[in-house]
Student: 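Sharing a structure below in structure tokens format, with a few things to ask.
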Amino acid sequence: MTNIRLGLVGLGKIARDQHLPAIAATEGIDLVAVASRNATAEDVNNYPDLAAMLGGEPDLDAVVLCQPPQARYDAARTALAAGKHVFLEKPPGATVSEAQALVALASQRGKTLFASWHSRYAAAVPTAKAWVAAHALERVTIDWKEDVRHWHPGQDWIWEPGGFGVFDPGINALSILTEIIGVPVRLIDAELETPSNRQAPIAARLSMETAGGVPIAAEFDFRQTGPQTWDIAIDRAAGTLVLSNGGNEATIDGVAQDIGREAEYPGLYRRFVDLIRTCESDVDLAPLQIVADAFLRGRSMATDPFLD
Ligand code: NAP
């Protein structure tokens with residue numbers, strides 16, 4: 001079986017931090033080209049944009065899109081129309097309807113569309129999913145807070161419409177939640193705090209429930225300084241499971257669980273290779289839908305201007 005020939009678009013923070021090493025470590029897939037307006041990668045063919053890459057690399061099998069969400073739809077549509085399999089960084093679109101349109105196009109073209117949720121591949125997520133399946137839940141509490149200046153320095157796109165603001169990290173928590181709960185999650189209410197000089201929220205509080213009525217509270221905040229908090233606490237009558245470090249550590253009733261080491265992006269690339277080999281797609285829009293519902297249903301409050 002020949003290796004999948006991959007092209008990467010958007011050589012920014014996540015492409016360099018995670019995609020390049022994960023691709024290099026994954027059997028069955030080779031990075032052959034990069035499309036970037038501003039940068040070049042070593043040992044591959046470099047192009048200024050996706051159109052030039054598609055024109056210059058007729059044998060490309062697949063494309064991974066690592067740009068901000070506002071650029072996702074046009075690029076994915078172009079790649080699918082050119083007959084390429086597509087790996088979408090999270091979130092899979094700036095809107096639910098554009099992500100749905102991509103699902104339809106991929107199906108029509110017979111190509112794999114992978115809406116990746118890297119946090120679902122965090123080391124402790126399978127442990128949490130099994131624990132949740134075996135116990136009646138009482139409550140879920142999500143605390144997802146980080147320093148935007150540390151994690152997103154100079155990323156103006158995050159504050160623009162379609163940039164998600166604090167939901168950019170918050171959707172990671174929602175991707176874990178919807179993976180481990182296993183039943184639909186309903187958004188009840190939300191409060192969004194948006195800096196008076198920006199378009200996207202700096203903090204959000206969500207009230208949700210499972211289909212069975214288990215309450216879920218989430219608090220997202222970009223204004224935390226010092227170490228980040230990426231925790232999900234799941235309570236049942238007799239005790240609590242806490243997922244921390246973005247899903248990469250777990251305690252049950254205070255006892256640390258023995259789980260594997262963090263390997264989110266290698267897991268994503270193994271999944272992408274498998275999906276292409278089996279001619280399948282994997283697109284779950286549930287986390288994106290909850291964010292959209294928070295914008296639809298939430299109360300918006302102006303807060304202090306944010307200066308980077
Ligand atoms: P970034 O470094 O600010 O941007 C990534 C690259 O996208 C840029 O280097 C640029 O690539 C291209 N780009 C930027 N603005 C663009 C625009 N308006 N139109 C087209 N292309 C544009 O962002 P990032 O942190 O890598 O995040 C990119 C995506 O990955 C986001 O959806 C984010 O949610 C997701 N993600 C990020 C992280 C993280 O820790 N940063 C973690 C997981 C997922 P060129 O200069 O090469 O054209």
Side-chain angles (χ1 to χ4, degrees), residues 7-23 31 33-42 44-54 63-79 86-96 98-99 102 114-122 125 144-176 199-201 220 222 227-228 230 245-248 262-269 271-272 285 287-288 291 308:
L8 180 147
V9 186
L11 192 55
K13 184 173 188 314
I14 197 61
R16 290 185 188 279
D17 288 356
Q18 297 289 347
H19 287 264
L20 296 184
I23 297 163
L31 185 68
V34 163
S36 168
R37 303 161 310 166
N38 302 296
T40 54
E42 287 177 9
V44 297
N45 298 327
N46 288 279
Y47 297 92
D49 55 38
L50 173 61
M53 184 169 80
L54 293 173
V63 170
V64 55
L65 302 176
C66 303
Q67 317 99 306
Q70 295 97 330
R72 197 86 79 237
Y73 176 75
D74 284 347
R77 191 178 165 74
T78 300
V86 173
F87 177 139
L88 305 169
E89 243 303 346
K90 53 101 334 197
T95 67
V96 177
E98 70 181 30
L102 293 177
F114 181 31
S116 70
W117 297 110
H118 66 88
S119 293
R120 287 185 173 176
Y121 290 73
V125 169
W144 219 263
K145 298 171 184 171
E146 65 185 43
D147 183 348
V148 67
R149 290 184 176 87
H150 173 77
W151 288 99
H152 306 278
Q155 291 188 338
D156 280 339
W157 59 263
I158 220 165
W159 299 109
E160 294 298 321
F164 287 65
V166 76
F167 287 103
D168 177 82
I171 203 169
N172 297 335
L174 297 174
S175 75
I176 294 176
Q199 296 289 322
F220 304 149
F222 257 161
Q228 63 280 1
W230 293 330
N245 190 21
N248 284 295
E262 182 174 340
E264 296 175 18
Y265 279 78
L268 289 177
Y269 275 95
R271 175 77 174 142
F272 188 46
L285 301 183
L288 182 62
V291 172
D308 211 349

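Whatever order the structure lists ligands and atoms in, that order sets their numbers, starting from 1. Atoms considered below: every heavy atom in the structure, side chains included; atoms not considered: hydrogens, waters and symmetry mates. Worth saying up front: this structure is predicted, and the values here are computed from it rather than measured.
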Student: For atom 27 (O) of ligand 1, what's the nearest protein heavy atom and its distance?
Tutor: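 Going by distance alone, atom 27 (O) of ligand 1 is nearest to Trp157 CZ2, 3.8 Å.
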Student: Give a yes or no on whether the ring-centroid distance for Phe167 and Trp144 is below 6.0 angstrom.
Tutor: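 No, too far apart.
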Student: State whether the shortest distance between N or O atoms of Ala71 and N or O atoms of ligand 1 falls below 3.5 angstrom.
Tutor: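 Looking only at distances, the answer is no, because the N/O contact criterion of under 3.5 Å is not met.
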Student: Quick test: of every protein heavy atom, which one is nearest to atom 34 (O) of ligand 1, and how far off is it to 0.1 Å?
Tutor: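 Result for atom 34 (O) of ligand 1: Asp168 OD1, 2.6 Å.
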Student: Could you check whether any heavy atom of Ala39 sits closer than 4.0 Å to an atom of ligand 1, since that is the contact criterion I want to use?
Tutor: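 In this structure, Ala39 fails to qualify as a contact of ligand 1 - no heavy atom is under 4.0 Å.
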Student: Are any of the N/O atoms in Tyr265 less than 3.5 Å from those in ligand 1?
Tutor: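 Not met; the criterion fails.
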Student: Side-chain contact test, heavy atoms from C-beta onward, threshold under 4.5 Å: evaluate it for Lys145 versus Gln228 and give yes or no.
Tutor: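 A side-chain contact under 4.5 Å is absent here.
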Student: Could you tell me the residue and atom name of the protein heavy atom closest to atom 38 (C) of ligand 1, and the distance to it rounded to 0.1 Å?
Tutor: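 Among all protein heavy atoms, the one nearest atom 38 (C) of ligand 1 is Ile14 CD1, 3.5 Å.
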Student: Considering non-hydrogen atoms of the protein only, which is the closest contact for atom 5 (C) of ligand 1, and what is the distance?
Tutor: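 Ranking protein heavy atoms by distance from atom 5 (C) of ligand 1, first comes Cys66 O, 3.5 Å.
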Student: Do the side chains of Glu89 and Val64 get nearer than 4.5 Å, heavy atoms only?
Tutor: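 Heavy-atom side-chain distance check fails, nothing below 4.5 Å.
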Student: Out of all atoms in ligand 1, which are within 4.0 Å of some heavy atom of Lys90? Include the element for each.
Tutor: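 The atoms of ligand 1 under 4.0 Å from a heavy atom of Lys90 are 31 (C), 32 (O), 33 (C), 34 (O), 35 (C), 44 (C).
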Student: Counting heavy atoms only, name the option from His118, His19, Gln67, Arg37 that's nearest to atom 19 (N) of ligand 1.
Tutor: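 Looking at heavy atoms only, the winner is Arg37.
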Student: Check each heavy atom of Phe164 against ligand 1 and say whether those closer than 4.0 Å belong to the side chain, the backbone, both or neither.
Tutor: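 Within the 4.0 Å criterion, Phe164 makes no contact with ligand 1.
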Student: Are the side chains of Ile171 and Phe220 in touch, meaning some heavy atoms are under 4.5 Å apart?
Tutor: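 The answer is no; the side chains never approach within 4.5 Å.
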Student: Under 4.5 Å between any side-chain heavy atoms of Pro91 and Phe164, yes or no?
Tutor: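 In short, these two side chains touch, coming nearer than 4.5 Å.
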Student: Would you indicate whether the side-chain heavy atoms of Pro92 and Leu285 approach each other to under 4.5 Å?
Tutor: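 Yes. Closest side-chain heavy atoms under 4.5 Å.
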Student: Looking only at protein heavy atoms, identify the closest one to atom 45 (P) of ligand 1 and say how far it is in Å.
Tutor: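 The protein heavy atom lying closest is Ser36 OG, 3.4 Å.
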Student: Hey, does Glu89 sit under 4.0 Å from ligand 1 if you only count heavy atoms?
Tutor: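 The answer is yes, since Glu89 has a heavy atom less than 4.0 Å from ligand 1.
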Student: Could you tell me whether Trp151 and ligand 1 have an N or O pair separated by under 3.5 Å?
Tutor: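 No: no nitrogen or oxygen of Trp151 is under 3.5 Å from one in ligand 1.
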Student: Do Val63 and Val9 have side-chain heavy atoms sitting under 4.5 Å apart?
Tutor: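 When only atoms from C-beta onward are counted, Val9 and Val63 do touch, with a gap below 4.5 Å.
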Student: Check contact between Gly154 and ligand 1, using heavy atoms of the residue and a distance below 4.0 angstrom.
Tutor: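 No, that is not the case, since the closest heavy atom of the residue is not under 4.0 Å from the ligand.
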Student: Looking only at the aromatic ring of each residue, does the gap between the centers of Tyr269 and Phe87 stay below 6.0 angstrom?
Tutor: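 Between Tyr269 and Phe87, which both carry aromatic rings, the centre distance is below 6.0 Å.
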Student: Do any heavy atoms of Arg72 fall under 4.0 Å from ligand 1?
Tutor: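 Right, Arg72 reaches ligand 1.
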Student: Quick one: which of Gly12, Ser116, Pro91, Pro69 has a heavy atom closest to atom 9 (O) of ligand 1?
Tutor: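 The option holding the nearest heavy atom is Gly12.
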Student: Nearest protein heavy atom to atom 4 (O) of ligand 1, by residue and atom, and its distance?
Tutor: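 It is Pro68 CD, 4.1 Å.
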Student: Would you say His19 and Leu31 make side-chain contact, with heavy atoms under 4.5 Å?
Tutor: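 His19 vs Leu31: side chains apart.
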Student: Contact between Phe167 and ligand 1, counting heavy atoms under 4.0 Å?
Tutor: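 For ligand 1, residue contact (heavy atoms, under 4.0 Å) with Phe167 is absent.
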Student: Taking atom types as modelled, find out whether Gln18 and His118 have a side-chain donor-acceptor pair closer than 3.5 angstrom.
Tutor: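 Side-chain D/A pair, Gln18 to His118: absent.
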Student: Tell me which protein heavy atom sits closest to atom 1 (P) of ligand 1, plus the residue, atom name and distance to 0.1 Å.
Tutor: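 Nearest neighbour among protein heavy atoms for atom 1 (P) of ligand 1, to 0.1 Å: Gln155 NE2, 3.5 Å.
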Student: Taking the side chain as every heavy atom from C-beta outward, state whether Val34 and Tyr47 have any atom pair closer than 4.5 Å.
Tutor: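 Not in contact.
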Student: Students should be able to answer this: which protein heavy-atom is nearest to atom 2 (O) of ligand 1, and at what distance?
Tutor: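 For this ligand atom, the closest protein heavy atom is Lys13 N, 2.9 Å.
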Student: Taking the six-membered ring for Trp, are Trp230 and Trp151 closer than 6.0 Å centroid to centroid?
Tutor: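 Trp230 vs Trp151: aromatic centres under 6.0 Å.
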Student: Only heavy atoms count here, so choose which of Gly163, Pro48, Gly10 is nearest to atom 11 (O) of ligand 1.
Tutor: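 Nearest option to atom 11 (O) of ligand 1, by heavy atoms: Gly10.
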